[in-house]
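Structure, as structure tokens:
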Amino acid sequence: MRRPVATGGRQGEGMAMAGTSRATAACDGPGRTAGSEASGAPGQEAGEGREAPSAIGRRVKRLRAQRKLTQRQLAEPVYTAAYVSTLEAGKVRPSEAALRHIAERLGVAYEELATGKPTHLVTALRMRLADAQRVLAVEDATDARTAYEQILGQAEEYGLTRERAAALTGLGECALETGELADALARFEAAEHALADEPLPARARAVRGQAVAHYLAGQLRYACYLLESAIDELNTSGLHDPGALLQFYTASIAPYMDMGAHARAAQAAELALALVPQVSDPALVATMHRTVARTLIAEGRVEAAQASLARATELYEQLQIRTELAHCHWMRGYVHAQHDELERAEAELRTAHSMLVSRRAALYVSQVEVELADVLRRRGKPAQAAELLESLLVGLQPGRGALHAGGAHRLLGLIAEEAGDVEAAERHYASALSLLEQTGAAGDLADICRLLGDLMRREGRTEAALNAYRTGLGHRAEPGTTTLGPAPARPPFGPWA
């Protein structure tokens with residue numbers, strides 16, 4: 001069953017069904033009467049983008065008082081003071097000609113007087129959104145959050161839905177960076193709700209953000225569900241937006257891999273690579289190359305993985321996106337570790353760690369520390385590894401990184417077992433199993449069951465060991481098919497079309 005798409009109307013924007021109240025007849029200039037039917041919701045007129053007479057009247061009165069003009073001075077030479085008085089009281093709907101005259105006398109743009117939105121506000125907010133995104137990429141998430149909060153406040157004040165959603169999405173990305181997953185999820189959900197009337201491509205960043213937040217919290221199945229639902233909606237409804245599809249396919253690779261659904265991860269990588277020629281955003285392309293490298297490593301295609309990482313690094317350096325550059329060093333360290341090049345692996349992982357610490361990307365720091373601790377253990381530095389792991393477990397609160405906390409306990413179990421402390425090893429393996437069972441990470445679950453079974457078998461606890469092995473086999477049976485539904489539909493283009 002696919003996730004339902006929100007279809008409700010937007011709220012909080014001053015829009016409603018047309019009303020039927022009549023404006024009070026009043027003089028609309030020398031010797032003229034203006035009485036016409038007012039339509040529109042409180043605060044805004046339908047069809048014209050202008051606000052209701054009461055809102056316009058209050059604005060005219062406020063601006064006139066600020067400029068120390070009398071009603072007569074504002075009205076002359078075309079209108080009367082009585083007309084301005086009636087207008088300010090909200091008892092007349094001013095004509096466009098009357099508003100243009102008053103706007104000129106007040107020294108403001110007609111659009112600002114009619115709608116309450118300062119001229120060029122949307123353009124200015126979009127420029128500030130781009131600047132906040134740059135701050136998040138190359139400077140600090142805290143500073144970016146401040147900028148996004150200010151933009152959000154203005155967008156809400158003037159009912160600018162798209163700019164509000166963009167600010168909420170930016171705040172979600174700031175929260176992901178700092179590891180505040182609950183806040184990130186709330187921001188992304190609010191952004192998607194704000195764009196409920198928009199087509200899915202407009203909501204793609206918000207949907208992807210929700211999936212990433214669920215993934216980082218260890219909710220792998222739901223992350224896959226969100227992404228597959230979105231892919232299906234795009235491919236079956238004719239909304240074949242390459243940028244949105246690239247975001248969804250790329251984001252699905254990590255949870256697929258962690259769930260043991262390697263075939264589905266490889267398919268997502270294939271589809272993502274095929275979309276690249278149609279996508280102009282270099283940041284999306286770079287993230288795709290970095291993520292696809294993981295599937296290439298799993299397939300044993302090391303040279304192809306290195307080439308993919310090199311392309312991602314090149315793009316990130318051009319864009320100066322430091323967190324993603326750190327991810328490239330992290331992935332290179334992982335590649336070296338897989339081929340027992342432990343010294344080179346440690347160097348790459350320490351570089352990634354240093355970059356992420358400087359960015360205060362707490363959750364990503366913890367993830368790199370798990371990889372680094374494994375390399376240190378394999379290099380014969382168990383004390384350093386254990387110290388690193390114990391420290392990161394203190395910082396991983398419930399709901400933040402269950403997958404990586406499980407990995408930390410697995411490594412602590414290995415260190416304890418190698419030191420001959422069987423009791424501590426079993427305790428850590430059990431903790432890892434409990435954490436990983438929350439995530440559905442099939443490969444990791446099977447591995448921890450094997451380690452636990454081997455430990456029990458060596459201790460002569462044959463029946464307990466068999467139970468552990470059976471549990472592990474259950475998790476490994478047909479990886480990916482026991483927890484996921486049918487694969488999402490392919491887009492109607494590419495080499496398979």
Side-chain angles (χ1 to χ4, degrees), residues 179 216-220 257-260 333-334 337-338 340 342 345-346 349-350 353 362-477 479 482-483:
L216 291 174
Q219 298 158 0
L220 308 188
M257 291 292 289
D258 288 340
M259 291 182 70
Y334 176 79
Q338 294 297 301
D340 293 323
L342 299 182
E346 182 178 347
L349 290 169
R350 287 197 182 278
H353 186 265
L363 189 55
Y364 294 132
V365 167
S366 298
Q367 294 171 333
V368 171
E369 286 174 347
V370 173
E371 299 284 353
L372 180 57
D374 187 35
V375 169
L376 291 172
R377 180 188 68 83
R378 291 165 63 190
R379 292 198 72 191
K381 305 174 183 178
Q384 288 184 38
E387 182 180 359
L388 191 60
L389 293 166
E390 294 285 4
S391 176
L392 78 87
L393 282 171
V394 172
L396 282 176
Q397 303 164 0
R400 288 182 57 180
L403 193 65
H404 310 290
H409 278 293
R410 172 189 174 277
L411 288 174
L412 285 168
L414 286 170
I415 292 168
E417 190 172 358
E418 289 163 358
D421 190 343
V422 175
E423 184 179 343
E426 183 173 349
R427 184 173 67 251
H428 283 299
Y429 289 153
S431 295
L433 181 59
S434 175
L435 285 162
L436 292 171
E437 281 178 336
Q438 301 171 25
T439 70
D444 292 333
L445 277 164
D447 178 62
I448 202 68
C449 288
R450 177 187 61 79
L451 290 171
L452 191 55
D454 288 350
L455 178 68
M456 291 172 170
R457 179 175 53 80
R458 284 192 291 270
E459 290 294 301
R461 297 155 59 191
T462 306
E463 192 59 39
L466 286 171
N467 285 336
Y469 292 143
R470 289 189 191 103
T471 302
L473 285 170
H475 288 300
R476 286 300 293 172
T482 56
T483 54

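Heads up: numbering here begins at 1 and tracks the sequence.
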If you measure from [atom1] on [X] to [atom2] on [Y], what distance do you get to the nearest 0.5 Å?
X: I448; Y: E437; atom1: CD1; atom2: CD; result: 11.0 Å
X: H353; Y: E346; atom1: NE2; atom2: CD; result: 12.0 Å
X: R350; Y: E369; atom1: CZ; atom2: CD; result: 10.0 Å
X: L455; Y: R461; atom1: CG; atom2: CZ; result: 7.0 Å
X: L412; Y: H409; atom1: CG; atom2: NE2; result: 7.0 Å
X: L220; Y: L403; atom1: CG; atom2: CG; result: 6.0 Å

Fill in: Qualifying residues under ring pair (Phe, Tyr, Trp, His ring centres under 6.0 Å), relative to Y429, sequence neighbours excluded
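Ring pair (Phe, Tyr, Trp, His ring centres under 6.0 Å) check on Y429 returns nothing, list empty.
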
Please answer whether the main-chain N or O of [Y] pairs with a side-chain N or O of [X] as donor and acceptor at a distance below 3.5 Å.
X: R410; Y: D447; result: no
X: S434; Y: A430; result: no
X: S391; Y: E387; result: no
X: Y364; Y: G179; result: no

Restricting to non-hydrogen atoms, name the atom on [X] and the atom on [Y] that form the minimum distance, rounded to 0.1 Å.
X: V370; Y: L389; value: CA-CD2, 4.3 Å
X: I415; Y: A385; value: CD1-CB, 3.9 Å
X: G406; Y: A432; value: O-CB, 3.4 Å
X: S366; Y: L392; value: O-CD2, 4.0 Å
X: L388; Y: A373; value: CD2-N, 4.0 Å
X: C449; Y: L433; value: SG-CD1, 3.8 Å

Worksheet item: Stepwise, does the side chain to side chain contact (heavy atoms under 4.5 Å, CB included) test hold for M456 with E463?
Response: CA-CA 9 Å; M456 291 172 170; E463 192 59 39; over 6 Å; no

Worksheet item: Taking side chain as C-beta onward, heavy atoms only, is R379 less than 4.5 Å from Q384?
Response: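 No, too far: nothing below the 4.5 Å cut-off.
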
Worksheet item: Do L349 and Y334 have side-chain heavy atoms sitting under 4.5 Å apart?
Response: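 No, their side chains stay 4.5 Å or more apart.
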
Fill in: Check against side chain to side chain contact (heavy atoms under 4.5 Å, CB included), E418 and R377
CA-CA 10 Å; E418 289 163 358; R377 180 188 68 83; 2.6 Å; yes

